[in-house]
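Step one of this worksheet: look at the structure below.
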Amino acid sequence: MYKILFNLVFRKMDPEKAHHLAFFWIRLAASVPGLRQLVALVLAPRDAALRTNALGLDLPGPFGLGAGFDKNAIGIDGLAMLGFDYVEIGTVTGEPQPGNPQPRLFRLVEDRALINRMGFNNQGSARIAARLAQRQRGSLSPVVGVNIGKTKVVEEADAVADYVKSTERLAGHADYLVVNVSSPNTPGLRNLQAVSVLRPLLTAVRAAADAATAHHVPLLVKIAPDLADEDVDAVADLALELGLDGIIATNTTIGREGLLAPAARVEEIGMGGLSGAPLKDRSLEVLKRLRKRTEGRLVLVSVGGIETAEDAWQRILAGADLVQGYSAFIYEGPFWMRRVHKGLGARLRRDGYRSLSEAVGANA
Ligand SMILES: Cc1cc2nc3c(=O)[nH]c(=O)nc-3n(C[C@H](O)[C@H](O)[C@H](O)COP(=O)(O)O)c2cc1C
């Protein structure tokens, strides 16, 4: 059904316009009294066996929406209505910014992939903090992660102050906070993954979050799949040293290997981060490496190329406490989360686990 809609309508539209249209419908449905509950009943049935606790948070399941879909925190409840167990908003930057010129989002349908160079288009931390503060949280409201990044015009040398500004504004509204140093679309951002730079950045963000709230806001760092294996280890060691709560792996890749799309088309698209199916193997590899290095001492959130319940299950067995998806949502549509949840529940029972947490890292 969604495949027909995708091929007849969305596929013919500019991908960013299609995103805005679909997101508008989602928000509209969530705003109609009664409809939100009805849609949630169909798309977000809860399986008690999938309930989990991670980062000190109670979640109806392990499967969240990755950052970048709801950059401005405008549709959190609608996304939960569709079945996501939690929603990561952002990336939010210190200052509002328009992002890169359009077109900046491209589909590679034959690869079940996307390339984007959005460039952190968002309304900025002040406005988004105000929006989060006004949110009415009800029984259907999901856990909300807030992902922060650097404002483009801020020099690399001043990055810490920019992240701290966002932290001061947003920490009080975040169930968890993510320092994003891995988007390929802000010049120099990924340099912040070097441990010498990352240490003072994460230390300052941790301190700012602690100063902004009376309770502990879990802090995670999101890394790129393009890091060398030793650098993955170095970030893991740093996260442990600084007492971070977890790592999100991975963001999009600058790599273009193994694509089915014609090389000329890929070249024509140009710069940007590749996401979706082609990211699957590397994302799993990074997860396994992180698990080996951290031995269950950090919460690991696996994202990148998850398309099926089996993909999500493999991540959990490999050590992911939580998983996220983004690109497959575009290709699979609103029944995707339901399918993944059903498949996860079935696998849990098939393999004789009594709870999700029992399965985490079982194959590590
Ligand atoms: C259009 C688009 C925008 C994205 N924007 C962000 C972002 O602002 N911040 C971020 O941390 N990740 C962003 N991502 C990366 C995703 O959160 C995710 O890490 C990546 O797409 C891999 O997961 P997937 O293969 O399931 O899509 C974006 C991805 C896409 C496709």
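Whatever order the structure lists ligands and atoms in, that order sets their numbers, starting from 1. Just so it is clear, the values below take in all heavy atoms, side chains as well, and ignore hydrogens, waters and symmetry mates.
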Considering distance alone, does some N or O of Gly276 sit under 3.5 Å from an N or O of ligand 1?
yes

Heavy-atom contacts with Leu279 under 4.0 Å: which atoms of ligand 1 show up? List them by number with element.
22 (C)

Should Asp229 and Arg282 count as an ion pair when the cut-off is N to O under 4.0 Å?
yes

When you compare ligand 1 with Thr250, is there at least one nitrogen or oxygen pair between them that comes in under 3.5 angstrom?
yes

For Asn147, counting its heavy atoms only, list the atoms of ligand 1 lying under 4.0 Å from any of them.
10 (C), 11 (O)

Would you say the side chains of Ser183 and Asn251 form a donor-acceptor pair under 3.5 Å?
no

Does Asp231 form a salt bridge (charged side-chain N to carboxylate O under 4.0 Å, His left out) with Arg289? I'd like the steps, not just the answer.
CA-CA 11 Å; Asp231 296 330; Arg289 186 134 196 136; over 6 Å; no

Does Gly305 reach ligand 1 with a nitrogen or oxygen that is under 3.5 Å from one of the ligand's nitrogen or oxygen atoms?
yes

Shortest non-hydrogen contact from Gln193 toward Leu198:
O-CD2, 3.8 Å

Would you check whether Ala328 has a nitrogen or oxygen atom less than 3.5 angstrom from a nitrogen or oxygen atom of ligand 1?
no

A student checking ligand 1 against Thr91 at a 4.0 Å heavy-atom cut-off should list atoms 7 (C), 8 (O), 9 (N), 10 (C), 11 (O)

One finds that the ligand 1 atoms under 4.0 Å from a non-hydrogen atom of Gly68 are 4 (C), 5 (N), 6 (C), 7 (C), 8 (O)

